[in-house]
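Positions are given from 1, in the same order as the sequence printed here.
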Amino acid sequence: MKKIVIGNWKMNPQTIVEAKKILKDIKKIVFPYKKTTLVIAPPYPFLGFLSKLDHPKNMSFGSQDISMYEKGSHTGEVSGSMINGLGGKYSIIGHSDKRKAGESDQDVAKKIEQAIISKITPVVCIGETERDGDGSYLETIKKQISIGLSSIPKKELTNIIIAYEPVWAIGKSYKESMHPTDVHEMTLFIKKFIGELFGKDISDSITILYGGSVEVENAPELVRLGNIDGFLVGRASLVAEQFAEIVKAVNAK
Ligand code: PGA
């Protein structure tokens with residue numbers, strides 16, 4: 001199974017000078033962890049520059065979004081082929097920040113299609129905003145998966161990465177993050193549902209990441225008990241020492 005850690009830098013840092021420095025520090029510390037693929041998703045203006053710098057073989061770059069359109073009059077949008085041209089090999093799609101701003105499951109489906117057309121690996125974020133007692137959050141997850149992946153050809157499905165990020169656990173402290181055994185329960189649920197939709201061969205081979213307040217403190221337990229293939233990391237991916245510890249935990253699996 002693939003092991004992968006993706007750093008979502010969001011709208012950070014503020015300058016290319018700082019971005020270069022963080023990347024340089026990360027490269028210095030992560031080189032022993034060769035079994036793990038590292039993906040850095042910086043803001044668009046830094047992507048082309050950073051991806052062209054020398055980097056280890058197991059390091060790749062990605063975007064934090066992708067347009068659902070191929071080209072044309074779509075002010076502010078960035079297409080899959082542009083991302084690819086900037087050296088982006090992955091695109092985070094359906095992040096809760098975008099969903100909060102109005103992105104629908106149908107939009108997510110179109111963005112996944114555009115990524116595949118542009119030979120970019122989609123990192124599809126799913127996750128409930130809150131946990132209700134009657135379990136309707138599970139229906140939210142099912143809807144995100146069934147609509148999001150509805151128009152993907154079966155042969156492409158094994159290349160998709162699912163990032164399970166319970167929205168209530170994002171941007172908190174590791175103490176408020178999801179408990180590793182609950183993460184395990186959710187990855188089983190996600191795999192089972194994908195299996196029902198597309199077959200066991202797909203669910204067995206699909207990569208599932210966890211995201212939401214992954215820190216140095218909880219990463220090893222999440223790896224050990226969470227039944228995951230890696231992480232989507234926000235804040236901790238901007239601090240080289242912290243990011244390296246998280247990568248180390250995944251690499252040790
Ligand atoms: P966090 O962000 O690690 O800072 O909680 C995760 C994310 O939003 O992808």
Side-chain angles (χ1 to χ4, degrees), residues 4-23 26 37-55 59-127 144 147-153 156-157 159-163 165 167 170-171 207 209 211 230-235 237-238 243:
I4 177 161
V5 180
I6 302 176
N8 174 13
W9 284 6
K10 306 189 185 182
M11 207 165 72
N12 299 297
Q14 299 309 303
T15 65
I16 185 70
V17 175
E18 289 170 273
K20 264 169 71 182
K21 165 92 173 71
I22 296 169
L23 186 68
I26 290 176
T37 301
L38 297 181
V39 180
I40 303 292
Y44 281 130
F46 305 156
L47 177 58
F49 184 83
L50 297 182
S51 76
K52 283 184 185 61
L53 300 173
D54 281 345
H55 50 79
M59 181 179 262
S60 275
F61 291 82
S63 63
Q64 300 171 13
D65 191 20
I66 184 170
S67 179
M68 67 176 101
Y69 308 106
E70 204 176 325
K71 59 182 174 188
S73 305
H74 304 289
T75 304
E77 296 282 306
V78 180
S79 73
S81 68
M82 292 171 185
I83 293 166
N84 195 322
L86 290 173
K89 301 283 174 243
Y90 296 79
S91 280
I92 298 171
I93 297 175
H95 188 275
S96 64
D97 289 342
K98 305 301 291 179
R99 291 185 187 264
K100 221 185 295 164
E103 189 166 282
S104 67
D105 291 327
Q106 285 77 7
D107 296 341
V108 168
K110 290 183 196 153
K111 290 183 174 194
I112 299 173
E113 261 183 84
Q114 285 304 314
I116 289 169
I117 290 170
S118 306
K119 307 220 170 326
I120 290 171
T121 302
V123 181
V124 184
C125 300
I126 58 171
Q144 289 173 336
I147 300 176
L149 304 187
S150 55
S151 47
I152 313 304
E156 301 288 354
L157 280 168
N159 297 324
I160 285 182
I161 296 174
I162 300 281
E165 297 204 300
V167 182
I170 295 176
T207 303
L209 311 180
F231 294 121
L232 177 54
V233 184
R235 286 154 301 157
S237 67
L238 288 151
F243 194 53

> Looking only at heavy atoms, what is the nearest atom pair of Leu53 and Lys20, with distance?
Replying inline: CD1-CG, 4.2 Å
For the pair [X] (side chain) and [Y] (backbone), establish whether a donor and an acceptor sit closer than 3.5 Å, ignoring hydrogens and angles.
| X | Y | result |
| --- | --- | --- |
| Ser67 | Tyr69 | yes |
| Ser79 | Lys71 | no |
| Glu103 | Val108 | no |
| Asn84 | Ser81 | no |
| Trp9 | Pro43 | no |

>> Using side-chain contact (heavy atoms from CB on, under 4.5 Å), reason through Asp65 and Lys111 one step at a time and then give a plain yes or no.
In response: CA-CA 8 Å; Asp65 191 20; Lys111 290 183 174 194; 2.9 Å; yes
>> Run Ile83 and Val78 through side-chain contact (heavy atoms from CB on, under 4.5 Å) and show every step you take.
In response: CA-CA 7 Å; Ile83 293 166; Val78 180; 3.8 Å; yes
>> Applying side-chain contact (heavy atoms from CB on, under 4.5 Å) to Ile26 and Met59, what does each step give before you reach the verdict?
In response: CA-CA 10 Å; Ile26 290 176; Met59 181 179 262; 3.9 Å; yes
> When rounded to the nearest 0.5 angstrom, what is the spacing between CD1 in Ile170 and NZ in Lys100?
Replying inline: 7.5 Å
>> Run Ile92 and Lys98 through side-chain contact (heavy atoms from CB on, under 4.5 Å) and show every step you take.
In response: CA-CA 10 Å; Ile92 298 171; Lys98 305 301 291 179; over 6 Å; no
> Going by atom types alone, do Ser91 and Ser63 pair a side-chain donor with an acceptor below 3.5 Å?
Replying inline: yes
